[in-house]
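Letters A, B, ... mirror the listed sequences (proteins, then strands); counts begin at 1.
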Protein chains: 2
Amino acid sequence: MPAWGRGTRVRGTRQAGALAAVLGSLTGFNSAQQIHAELRRRGERVGLTTVYRHLQVLSEDGQLDTIRDAGGETLYRRCRSEAHHHHLICRQCGTSVEVEGRVVEQWAEKVAAEAGFTVMDHTVELSGLCSRCGGS
Amino acid sequence: MPAWGRGTRVRGTRQAGALAAVLGSLTGFNSAQQIHAELRRRGERVGLTTVYRHLQVLSEDGQLDTIRDAGGETLYRRCRSEAHHHHLICRQCGTSVEVEGRVVEQWAEKVAAEAGFTVMDHTVELSGLCSRCGGS
DNA sequence: CGCTAAATGAATATGATTTCCACTATCGTT
DNA sequence: AACGATAGTGGAAATCATATTCATTTAGCG
């Protein structure tokens, strides 16, 4: 059973490949629309619908990190690490750093336990200005 | 200069009052649409546009907590505490608890400093099942 | 009371994401 | 290599939350 395994039969299509290539070369977080634009820029002919579909599947599979920008738009990026992690993003230039947050996880568990909750998920996003943009 | 101060002259309108009343009586987080619906249910005649406008202003003023549900929709609730805090929300019944997260803040600052970032904001949302719903 | 800027809200616009559905392409099987 | 079942594709149209427009109404100062 391959990593992307089980019933989810996935065919190797031109579009899936092109998308994977783009995701592999982009560094920061990008919206579906931006990714679609990049695809066109490269001369690839892929429908916006298809881009959305793939991004959705990939993120469900845990192959993409997703966050929401201030406007509620969903941004995607290929995961660098397998392990659970959070993000630190520069508001100015979009640079992002993955940070592991064992501390946060532990805190979350403790807080949940105290409130009688069973934590199943948590979101932690940090944003600010990176050293380059923060010269104020 | 009042707390909500400066140039932002705010008139005491029927709509503003009705909205405040509803926000005061609702316990959990609600979307603009739900709040609007509740207003109508009470026989108040307030336009959806007005609801959105007020919610936006109130949250900018720090009088409302806002979070985004899984679908990207914005939910609002009147703050209980003045201090900065985070939320623990039950996925099943929507019950939410405010939790203070000094630990998280400190962690955030440390992580940011290490990456050369100046943290200006952070989002932390915890979700799971409360004791009542978690009987599994 | 009279006035004027602020507030309102119906209608319309926006913009991301989803759904529809007819058409196409992949790949296991002959 | 051709075949065919079926997953994949993508343009158009639908959704849906939220923003904007603008003519009309209203709060509250003088």
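Between Ser31(B) and Arg45(A), the one whose closest nucleotide on DNA chain D sits nearer the 5' end is Arg45(A).
A donor atom on one side chain and an acceptor atom on the other are not found under 3.5 Å apart for Arg68(A) and Thr123(B). With 3.5 Å as the limit, one finds no donor-acceptor pair spanning the side chains of Glu109(B) and His122(B).
Straight-line distance from the CG atom of Leu55(B) to the P atom of dT8(C): 12 Å, rounded to whole Å. Taking atom CD of Glu73(A) as the reference point, atom P of dA19(D) lies 14 Å away to the nearest angstrom. Whole-Å rounding puts the Tyr52(A) OH to dT9(D) P distance at 16 Å. Counting to the nearest Å, the C1' atom of dG9(C) and the CD atom of Gln56(B) are 16 Å from each other. If you take CZ of Arg68(B) and P of dC16(D), they are 18 Å apart, rounded to a whole angstrom. The CG atom of Asp69(A) sits 9 Å away from the P atom of dT17(C) (whole-angstrom rounding). In this structure, the CD atom of Glu44(A) is 14 Å from the C1' atom of dT9(D), given to the nearest Å. In this structure, Arg53(A) places its CZ atom 9 Å from P of dG8(D), rounding to the nearest Å.
When the nucleotides dT21(D), dA17(D), dG10(D) are ranked by their closest atom to the side chain of Thr50(A), dG10(D) comes out on top. Looking at the side chain of Leu48(B), the nearest of the listed nucleotides dT17(C), dG9(C), dT18(D) is dT18(D). In this structure, of dA12(D), dT17(C), dA10(C), it is dA10(C) that holds the atom nearest to the side chain of Thr49(B). Here the nucleotide nearest the side chain of His54(A), chosen from dT17(C), dT9(D), dA27(D), is dT9(D).
Residue-level contact check: Gln33(B) touches the bases, meaning some heavy atom is under 4.0 Å from a base atom. Residue-level contact check: His36(B) touches neither bases nor backbone, having no heavy atom under 4.0 Å from any strand.
Look at Thr13(A) and you won't find any side-chain N or O under 4.0 angstrom from OP1 or OP2 of dA7(D). A close approach under 4.0 Å does not occur between any side-chain nitrogen or oxygen of Gln15(A) and OP1 or OP2 of dG8(D).
Here the side chain of Arg14(B) pairs a donor or acceptor atom with the backbone of Arg45(B) at under 3.5 angstrom. In terms of modelled atom types and a separation under 3.5 Å, the side chain of Asp69(B) and the main chain of Gly71(B) share a donor-acceptor contact.
Taking 4.5 Å as the limit, every side-chain heavy atom of Lys110(B) sits out of range of all side-chain heavy atoms of Gln106(B).
When Arg42(B), Arg40(B), Gln34(B) are each tested for a side chain to side chain contact (heavy atoms under 4.5 Å, CB included) with Glu38(B), only one passes: Arg42(B). Between His86(B) and the choices Glu105(B), Glu125(B), Glu98(B), the side chain to side chain contact (heavy atoms under 4.5 Å, CB included) rule is met once, by Glu105(B).
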Reading DNA chain C 5' to 3', what string of ( ), [ ], | and . shows its pairs, if Watson-Crick and G-U wobble pairs count only when both distances fall under 3.5 Å?
||||||||||||||||||||||||||||||
